[in-house]
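All values below were derived from every heavy atom in this structure, side-chain atoms included, with hydrogens, water molecules and symmetry-related copies excluded. Numbered from 1 within each chain, the chains take letters A, B, ... in sequence-line order.
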Amino acid sequence: MTYKVSEEGNISTVFLNGEIDMDVVDKAKELIMPLVEAKKEVHINLKEVQYMDSSGISVLIESHQKALEVGTKVVLKEISKSVLKVIMMAKLEQILNLD
Amino acid sequence: MDEANQIENKISEKREFTVNSASLKEVRSFSREVFEKIKINQDLKDELVLAIAEAAQNIVKHAYKDIESNNDKMEIKISLKKNDELEIGFFDKGKPVDGAKVRHRNIDDIKPGGLGTFFIQQIMDAVVFREGDKPWINHLILTKQL
């Protein structure tokens, strides 16, 4: 997994790239959670994520819940077909903010 | 593929992987290689790869929980029978798993974790835990009629 982060005002956009599984999920979490805890609005761009397993979905849930707790939000952007399928399998399309 | 397997199965391939999270990428590559040889659509291939990777992840996370370092291998065997039933076997030497206690979390209780087993059950027709024949401790069998 590789990533890039861009900042614009209070919005941090995290561009993830590659496959997100148990082996790299801590890296994704360490990247996203501090931004949420800093009360940034976090956009996670998933256009270039070809594979995500339950570990990756857990990070999306955890960051979404933390955002609600601190009064901000996490928005999932340009979700790839394969990631969207896993989100829907987990019945999270109505829970997470999908754009 | 040995002769006995050739009679029973259209395809039967197995591979060993070190039990750690870094092996999960290799597990997916192996699964994709095998599914390239089977005429099924890409969506189903992706689902099957996810189910296999989640089961392998469960071995790393649960069967080897609290085991700090090891060089143990797990084996994954993918077989397509003559009747187009896909059988995926997982063999490991971790702590014995009581299949009756393996449950996914309530899907309406939104929280991180506990989704892997849910995904496996959504994708596959059957999930069966058996005691492994020596040297294996656990033998998980996932099946799906294609």
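Residues of residues 34-53 of chain A lying within less than 4.5 angstrom of chain B, judged on heavy atoms, are A/Tyr51, A/Met52, A/Asp53 in numerical order. Chain B is approached within less than 4.5 Å, heavy atom to heavy atom, by A/Lys81, A/Lys85, A/Val86 from residues 69-87 of chain A, ordered by number.
Note: the hydrophobic cluster containing A/Leu68 does not contain A/Val14 (ILVMFWY, side chain heavy atoms under 4.5 Å, direct or indirect links). Both B/Ile40 and B/Val49 are members of a single hydrophobic cluster when ILVMFWY side chains are connected at heavy-atom separations under 4.5 Å. Both B/Phe118 and B/Val127 are members of a single hydrophobic cluster when ILVMFWY side chains are connected at heavy-atom separations under 4.5 Å. A continuous path of ILVMFWY side-chain contacts below 4.5 Å connects B/Ile38 to B/Phe30, so both sit in one hydrophobic cluster. If you chain together hydrophobic residues whose side chains sit under 4.5 Å apart, B/Phe35 and B/Ile141 never meet in one group.
Few gaps surround CD on B/Gln42; more than 12 heavy atoms of other groups in view lie less than 6.0 Å from it. Atom CD of A/Gln94 has 12 or fewer neighbouring heavy atoms from other residues, nucleotides or ligands inside a 6.0 Å radius. Heavy atoms of other residues, nucleotides or ligands lying less than 6.0 angstrom from NZ of B/Lys61 number more than 12. Counting heavy atoms of neighbouring residues, nucleotides and ligands inside a 6.0 Å radius, atom NZ of B/Lys45 exceeds 12 of them. Shown here is B/Arg130, whose CZ atom has no more than 12 heavy atoms of other residues, nucleotides or ligands within 6.0 Å. Counting non-hydrogen atoms of other residues, nucleotides and ligands closer than 6.0 Å to CZ of A/Phe15 gives a total above 12. Applying the 6.0 Å contact sphere to CG of B/Asp133 captures no more than 12 heavy atoms from other residues, nucleotides or ligands.
Interface summary for chain A: among B/Leu24, B/Asn20, B/Asp43, the most heavy-atom pairs under 4.5 angstrom belong to B/Asp43. Your options are B/Glu47, B/Gln122, B/Arg28, and the one with the most heavy-atom pairs under 4.5 Å with chain A is B/Arg28.
In this structure, A/Asp21 CG and B/Lys25 NZ are separated by 8.0 Å, a value rounded to the nearest 0.5 Å. Separation of atoms CG (B/Asn58) and OG (A/Ser54) is listed at 7.5 Å; rounding is to 0.5 Å.
Looking only at side-chain heavy atoms (C-beta outward), B/Ile123 and A/Met89 come within less than 4.5 Å of each other.
Using a 4.5 Å cut-off between heavy atoms, A/Gln65 touches chain B through its side chain atoms alone.
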